[in-house]
Amino acid sequence: MDKVTRLASENGLVLFSKSSCCLCYAVKILFQEIGVTPTVHELDQDPEGREMERALMRLGCSAPVPAVFIGGKLVGSTNEVMSLHLSGGLIPLLRPYHSMC
């Protein structure tokens with residue numbers, strides 16, 4: 001869990017993902033459309049990926065990926081991110097990480 005916590009707090013916008021995950025891809029495209037670039041950690045390409053998945057579940061993720069952290073705080077997975085965006089709450093959270101938000 002220490003590695004996940006450290007990685008999640010190293011940058012303002014962090015996405016834990018798997019390269020073959022379609023929901024992860026959807027979140028990446030959303031961020032691209034908004035104009036922000038998350039730091040992406042592909043768990044299926046990390047030798048400690050399985051342990052990181054378990055750590056994300058212990059932190060409260062409903063599914064291990066995608067897991068989005070903004071400002072070091074867990075926002076959630078696809079449902080939480082999309083709901084936040086549709087309600088108008090995502091862009092204000094991302095504003096510090098991109099001047100055009």
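Note that the structure is a prediction, hence the values are computed from the model and not measured. If you read the sequence from its start, that first residue is 1, and numbering goes on from there.
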Tell me every residue that passes side-chain hydrogen bond (donor to acceptor under 3.5 Å, both in side chains) with [X], counting only those two or more places apart in sequence or in another chain.
X	value
Lys28	Ser17, Glu42
Thr39	Asn11
Arg50	none
Glu53	Lys18

Which pairs count as salt bridge (Lys or Arg N to Asp or Glu O under 4.0 Å) when at least one residue sits in residues 71-84, sequence neighbours excluded?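 Listed once each, the pairs would be none.
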Closest non-hydrogen atom pair between Cys21 and Pro66, with its separation: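 Smallest heavy-atom distance, with atoms named: SG-CD, 4.4 Å.
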Any side-chain heavy-atom pair of [X] and [Y] under 4.5 Å:
X	Y	result
His85	Ile34	yes
Phe69	Leu15	no
Leu13	Thr37	no
Lys3	Asp46	yes

Can you name the residues that form a side chain to side chain contact (heavy atoms under 4.5 Å, CB included) with Leu93, not counting sequence neighbours? Ile70, Leu84
Which residues satisfy the side chain to side chain contact (heavy atoms under 4.5 Å, CB included) test with Asn79, sequence neighbours excluded?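 Counting only residues at least two positions away or on another chain, Asn79 forms no side chain to side chain contact (heavy atoms under 4.5 Å, CB included).
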Residues that, via side-chain heavy atoms closer than 4.5 angstrom, fall in one hydrophobic cluster with Tyr25: Ile29
Are Tyr97 and Val40 linked, directly or through other ILVMFWY residues, by side chains that come within less than 4.5 angstrom of each other?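 Yes; tracing contacts between hydrophobic side chains, which count when under 4.5 Å, links both residues.
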Val75, Val27: one ILVMFWY side-chain cluster at the under-4.5 Å cut-off?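 They do share one cluster, since a chain of ILVMFWY contacts under 4.5 Å joins Val75 to Val27.
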Ring pair (Phe, Tyr, Trp, His ring centres under 6.0 Å) against His41, all qualifying residues, sequence neighbours excluded: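 Once residues adjacent in sequence are excluded, the partners of His41 under the ring pair (Phe, Tyr, Trp, His ring centres under 6.0 Å) criterion are Phe16.
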Using the salt bridge (Lys or Arg N to Asp or Glu O under 4.0 Å) criterion, which residues pair with Asp44? Sequence neighbours excluded. none
For residues 54-65, run the donor-acceptor check on the side chains, cut-off 3.5 Å, and write out each pair with its distance to 0.1 Å, sequence neighbours left out.
from	atom 1	to	atom 2	distance (Å)
Arg54	NE	Glu51	OE1	3.3
Arg54	NH2	Glu51	OE1	3.2
Arg58	NH2	Glu51	OE2	3.1

Let me confirm one number: the CE-CG distance from Met52 to Asp2, rounded to the nearest 0.5 Å.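 Answer for the CE-CG pair, Met52 versus Asp2, is 12.0 Å.
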For Thr78 and Val68, what are the C-alpha separation, side-chain angles and deciding distance, and is it a side-chain contact (heavy atoms from CB on, under 4.5 Å)? CA-CA 8 Å; Thr78 310; Val68 176; over 6 Å; no
